[in-house]
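Here the structure comes first, spelled out in structure tokens, and everything after it is commentary.
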Amino acid sequence: MQELPKSYAPQEVEDKWYQVWESNGLFHADSGSPKKPYTVVIPPPNITGILTMGHVLNNTLQDVFVRWRRMQGYEACWVPGTDHAGIATQHVVEKSLQKEGIARRELGREKFVERVWQWRELYGGTIIKQLRKLGTSCDWKRERFTMDEGLSNAVQEVFVRLHEKGLIYRGKYIVNWCPKDHTALSDDEVNYSDSNGHLWYIRYPVEGSAQELVVATTRPETMLGDTAVAVNPGDERYKELVGRRVRLPLANRSIPIIADDFVDAEFGTGAVKVTPAHDPNDFQIGERHKLEKPIIMDTSGKMNEQVPNKYRGLDRYECRKEVLRDLEREQLLVKTVDHVHSVGHCYRCDTVIEPYLSDQWFVKMKPLSEKALAVVQSGEVKFYPERWTKVYEHWMTNIRDWCISRQLWWGHRVPAWYCDSSEHPAPPCREPVVSRTRPVRCAHCGGTKFRQDEDVLDTWFSSWLWPFSVFDWPKESKDLEYFYPTDTLVTAPDIIFFWVARMIMAGLEFRGKVPFHDVYFTSIIRDMQGRKMSKSLGNSPDPLDVIATYGADALRFTVLYLAPIGQDVLYSNEKCEMGRNFANKIWNAGRFLLLNRDALEAESPSAFPVVGSAPSNDLSDKWIVSRFNATVKATTESLEHLQVNEAAKLLYEFMWHDFCDWYVEFAKNRIAETPDPNMKKAIVQRAIRIYEETLKLLHPFMPFVTEEIWQHLAERRPGESIMKAPWPECEAGQLNPVAEKEMELVQEIVSGVRTIRSEMNLPPAKEVDAIVNCHEEGKKSILENNRNLIVRLARVANLTIGTGLAKPGYSASSVIQGQELFVPLKGLIDIDVERTRLEKEISRIEGQLRGVEAKLSNPSFADKAPAEIVEKERDKKQNFEQTILKLRASLSQVQG
RNA sequence: GGACGCUUAGCUCAGUUGGUUUAGAGCGAUGCCCUUACAAGGCAUAGGUCGUAGGUUCGAGCCCUACAGCGUCCACCA
């Protein structure tokens, strides 16, 4: 066998294995399988997206779950795909067209949408390609896109069904309007931020008197759309004005003074101008008081024909200036004060949103939300971490109707048609006809000309169907039956309302079953200063660079190790050194074992023995088998509780510190000590067995390096992969607390000698003698049985183990588990150093002794604490006392 | 204004239902080693009154209360 390189080179193996996996169909799941399914649907990334650290964490977690379950024997299916991302994509394509000097509106709808599809062909798969670099084991044959024919059918079907049930309606509502993107935004798509504005106090003269009413506003231009002034009904100042009218300045209209509870008498002047078409609260007031709702701006935020001539065509901010100038001229502006208030911005383009009255499509949410709330409260759908359930509950109980129409061109077009027969402009024909297909004949007028609704649907209106639409719903397919409901959803907590809640509602409404059982909310990855990663800050590392530098496994392992459920993670590329070093450690352990096996193979012709899962009689074997089984148990349990970082830590600890630091070192010694080549082979073979099993445990975390070495460990059939190796199971019978305890003593003695050597400044190569004076027969025989291990690992020339042994002169000493360790160092010992060392040790243990004594002398401790605990404390006390005695004795005869 | 979270070693963080003597890890620091798997490594050492103040308990990093600092989400802002 050819020798492995000295260090692991991920670049040379990653692409190779990914291709093998994919071309052998190892990612593919089949609904005809007799196995139990395990299903995950990817949160579909936007086609405009590129891979970020957030995706890395999210998708690596999914891959861990999927690879683990696959190894456990499930028919594991991970459905990948992308989201058409309405506004985001339209923006990107619009921008690229701008570079060619083409405007979207000039191009026209049909041509533009064509161009978007072309763009998607070229660039829409970027993030999918990048995901492969990470090693994700997605079932690529099932890749879906939210605008695929099948998924579009699902969207249309859902729209029609909800409309038939009366859950979709068309209404005039105040929506968040982006004057730049020309679209309505859902409440969640608006970002509010504080901004420094002003509060302007404006005089409104009361009709038929010299009185005036002063109102305060942050948006004076909207006064042109005022249809009332409102005061609090309990406000004494204005009591007799209610019911009278004011003259609206500039517009020169007469509007009423009304009383409404919404008004806060404390704020401003206690009198509010009411602009029902341009403020959500004013809209509510307008509804209550049956006010006119004149719209005074066009869709670009420019003043329209509803305002006096001189303002028409002005942008809302230019108009504000004009209005203020005019008010000032007419001496109607009382004062201007600075005022900080929060202003909504478009989440795409950051333009200040305009509350705008318009015709939109809505989904009634209340009927859908009740069941969806119940399944989370009952635990049928579990959130990790659990605290998000509260956030969910709050939102679901205060849910508002969902505005689903968007004034875009890229997306699923609303399946509603309007009769467009010009000869029959009768009112009933204005009502939209919602239908799966274009209507043929108008039921009212018999006309045959129809015009489809111009709007498209919110992107989330396709995403909320994702867990079943990817399995061809509304067709009742075998796949749908087998793979739905899915099992684990891994997503970010900031889309809990956008997506998670709505998927639960859709799953229950259209499938009668929850869409998934566990929801894992990922951490947010931040930079080392705790800032969110963003393009504008330039603090988001490119995962592909990281993979090129450190390797995909290193990146995966590091991110998993750093991210407990639901905590933010401060990340920098350098942290990947940890993962890289670990991959290299795994690599080199394998390299060592293979070098030894090859050497033994060359040395003697006999075959290697077959070893089972049981250990030999050797303590180190019993110990590592016990530790291995404990690790299998703990790792599996951690994964079952979705504690991936805990699992990663357990494996890191076992592989590095138990297996490499101790077991391999023991094995070296045992190989050297054993003359019989067959025994040597058995030792190596046992080590390889444990190593191979550990590789399986590591595979979901670090798929590439584990596959590469696994392939070297034995002759594999073509297409055979560690991916399909069975997940190790804990053999409870191999857990061996006695062996672990015994090994602990051996390890502590070895460390004891090393500590003395180090503190006495002796180079590791310098051999020393050691004497262990035992006070317990059991411990003596353990040490006797393992003297070779101690001799080798502690680099001891002559090891004496016995009872009643005297401390030689000029020796360093320590007490380990009640046994005395002496290291004679005549001519090498620094008496002062040794004395200080012992004194320090004594005072440390004296401190502990005092703690235990304080506990025991407390009468209520003995009374109330369980007997078992009290007994433990007594033992501790005794051990401390004896250790101190022994150390004192050593101290008094440092020089002999 | 409402809800939730965080505060543990120089840095980044574990610590899963309160009870092993000494509160752990990684990075960093210090000392000795290129000991034929790995210097991306080995061995050892130093470093913490667990945010502050109370309380519950025989016993608190963990439970309760208040406070401080940081952060997230929601609502409102004429």
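Protein chains get the first letters and strands the later ones, always in sequence-line order, with residue 1 at the start of each.
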Is there a donor on the side chain of [X] or the base of [N] sitting less than 3.5 Å from an acceptor on the other?
X      : N      : result
A:K649 : B:rA25 : no
A:E665 : B:rA37 : yes
A:K6   : B:rC38 : no

Answer with base, sugar-phosphate or nothing: what part of the nucleic acid does [X] contact at a heavy-atom distance below 4.0 Å?
X      : result
A:S751 : sugar-phosphate
A:V664 : base
A:R795 : base
A:D661 : sugar-phosphate

State whether A:W395 places a side-chain N or O below 4.0 Å from either non-bridging phosphate oxygen (OP1 or OP2) of B:rC4.
-> no

Under the 6.0 Å and 45° cation-pi test, does A:R754 pair with A:W662?
-> yes

What does B:rG71 pair with, Watson-Crick or G-U, if both distances are under 3.5 Å?
-> B:rC4

B:rU35 C1' sits how many Å from A:R792 CZ, rounded?
-> 11 Å

Of all the nucleotides listed (B:rC43, B:rG31, B:rA37), which has the minimum atom distance to the side chain of A:N761?
-> B:rG31

Report yes or no: does A:D235 contribute a side-chain atom to a donor-acceptor pair with the main-chain N or O of A:V231 at less than 3.5 Å?
-> no

Are any side-chain N or O atoms of A:E637 and backbone N or O atoms of A:T635, one a donor and one an acceptor, separated by less than 3.5 Å?
-> no

Could you work out the separation of B:rG54 and B:rC11 based on their P atoms and round it to a whole Å?
-> 26 Å

